[in-house]
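Heads up: the structure comes next, in structure tokens.
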Amino acid sequence: MNKEILRKNLDDVIWKIEKARLEVNEHQIVHMIAVSKYTTVENIKTLYSLGQRAFGENHVQQLEARAIELENLPLEWHMIGTLQKNKINKLLDIKPSLFQALDSIELARELEKKLINKNQTLNCLLEINSSNESTKSGVSPQSAIETYLQITEICPHIKLQGVMTIGAHTDDTKLIQNSFETTYKIYEKLQSAGANICSMGMSSDFELAIKCGSNMVRIGSSLFQE
Ligand SMILES: *Cc1c(COP(=O)(O)O)cnc(C)c1O
């Protein structure tokens, strides 16, 4: 992709984030993760040269390949996709900045075992299935707080930093907003337990997510459209 197109896309996204966050609170800082799953390593390098540092992938295999190929750049890698148990060791070897899709107590227990073996810790977000869609992973909003506190208690090598959600899959803005508001309420209650990241918002809904309190957005297609 042409560098000028990438620059324009990045500027557009940053400007929209800026506008949305200023409408909420000038002190609200919003981090932007560039989701590189559908793009090339070349485009990641270009975005890096334009100042972007945080990137997200949803498959461990691709995350590993890219983290290795780009290991000379000071990038921050986020694993944003569902993690299969047989990929845990691979993920831990990459030492990502943040694993955003911790979606069950069972996975937390498996992760904890492997973290103990490797004498490592891992920053994670609890994924919440805020729209109760059967096709989505994540814990239900009803059980989110209990699950979060339980993981904090029984998995000392897992450093929970907050919550992540994918907005409702619909054109109905009200329903998308509901899923963000549900997640934000959970996040608010967990702040006393150390939560400081509320990751919600993708290309189609990040402005709405920010208005609902998101402080981390994950943007893919808007950055890489030609
Ligand atoms: C792909 C993906 C994104 C980015 O989606 P876009 O609509 O391309 O911005 C964000 N979060 C998760 C979990 C994803 O899998």
Side-chain angles (χ1 to χ4, degrees), residues 1 5-6 8-17 20 30-41 43-44 46-47 52-67 75-84 87 91 94 96-104 107 123-139 144 161-173 175-177 179-180 182-184 186-187 197-226:
M1 244 175 102
I5 295 176
L6 263 175
K8 184 180 179 304
N9 292 348
L10 182 63
D11 283 352
D12 277 356
V13 168
I14 289 174
W15 175 242
K16 285 179 181 159
I17 291 173
V30 178
H31 294 276
M32 195 268 282
I33 314 303
V35 176
S36 45
K37 63 189 183 194
Y38 299 131
T39 198
T40 60
V41 167
N43 287 338
I44 298 177
T46 307
L47 275 184
Q52 180 67 27
R53 294 293 176 269
F55 292 87
E57 290 284 342
N58 66 342
H59 288 122
V60 174
Q61 218 86 14
Q62 181 152 307
L63 176 60
E64 181 191 38
R66 293 176 164 196
L75 303 182
E76 184 186 302
W77 288 105
H78 292 240
M79 169 63 183
I80 60 172
T82 303
L83 177 63
Q84 268 128 29
K87 301 274 170 58
L91 179 71
I94 303 165
S97 294
L98 189 61
F99 169 45
Q100 299 205 13
L102 179 53
D103 58 8
S104 69
L107 180 61
N123 292 323
C124 296
L125 301 181
L126 183 67
E127 181 174 357
I128 297 171
N129 186 352
S130 56
S131 46
N132 282 308
E133 286 168 31
S134 59
T135 51
K136 280 203 183 113
S137 38
V139 300
Q161 305 289 331
V163 296
M164 183 273 257
T165 200
I166 296 173
H169 184 70
T170 168
D171 292 332
D172 186 339
T173 308
L175 291 178
I176 302 173
Q177 185 170 336
S179 59
F180 290 151
T182 298
T183 305
Y184 186 75
I186 295 166
Y187 166 69
I197 298 175
C198 180
S199 172
M200 50 190 199
M202 321 197 331
S203 292
S204 59
D205 55 21
F206 68 93
E207 290 156 291
L208 179 58
I210 292 168
K211 285 172 192 161
C212 296
S214 167
N215 62 10
M216 183 175 280
V217 295
R218 312 175 306 269
I219 311 292
S221 39
S222 292
L223 289 173
F224 303 108
Q225 68 198 358
E226 307 241 12

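Atoms within a ligand are numbered from 1 in the order they appear, just like the ligands themselves. Just the heavy atoms: all of them, side chains too, but no hydrogens, waters or symmetry mates, feed the values below.
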Response to the item:
Of all heavy-atom pairs linking Ser36 and Arg66, the shortest is O-NH1, 2.8 Å

Worksheet, complete the sentence: On a heavy-atom basis, the closest approach of Met200 and Phe180 is CE-O, 3.5 Å

Item to complete: Give yes if a backbone or side-chain nitrogen or oxygen of Ser203 is under 3.5 Å from a nitrogen or oxygen of ligand 1, and no if not.
Response: yes

Item to complete: Distance to 0.1 Å, residue and atom name: give those for the protein heavy atom nearest to atom 5 (O) of ligand 1.
Response: Met202 CE, 3.6 Å

Worksheet entry | Interfacing atoms of ligand 1 (cut-off 4.0 Å, heavy-atom, Ser221) | 6 (P), 7 (O), 8 (O), 9 (O)

Worksheet item: How about Asn43 and Phe224: do any of their side-chain heavy atoms sit closer than 4.5 Å?
Response: yes

Worksheet item: Nearest heavy-atom pair of Ser137 and Thr82: which atoms, and what distance?
Response: OG-OG1, 3.3 Å

Practice prompt. Check ligand 1 against Ile219 and write out every atom of the ligand that is under 4.0 Å from a heavy-atom position of the residue.
Written response: 9 (O)

Discussion item. Which residues pass the side chain to side chain contact (heavy atoms under 4.5 Å, CB included) test with Glu64, not counting sequence neighbours?
Written reply: Ile68, Lys90, Ile94

Fill in: Identity and separation of the nearest protein heavy atom to atom 13 (C) of ligand 1
Ile80 O, 3.6 Å

Worksheet item: Do any N or O atoms from the side chain of Ser179 and from the backbone of Ala168 form a donor-acceptor pair under 3.5 angstrom?
Response: yes

Worksheet item: In terms of atom number and element, which parts of ligand 1 are under 4.0 angstrom from non-hydrogen atoms of Arg218?
Response: 4 (C), 9 (O), 10 (C), 11 (N), 12 (C), 13 (C)

Item to complete: Return a yes/no value for Met164: is any of its N or O atoms, backbone included, closer than 3.5 angstrom to an N or O of ligand 1?
Response: no

Item to complete: Do me a favour and list the nearest non-hydrogen protein atom to atom 14 (C) of ligand 1 with residue, atom name and distance?
Response: Lys37 NZ, 3.0 Å

Worksheet item: By ring pair (Phe, Tyr, Trp, His ring centres under 6.0 Å), which residues pair with Tyr184, not counting sequence neighbours?
Response: Tyr187

Practice prompt. Please state which part of Gln100 comes within less than 4.0 Å of ligand 1, counting heavy atoms only: side chain, backbone, both or neither.
Written response: neither

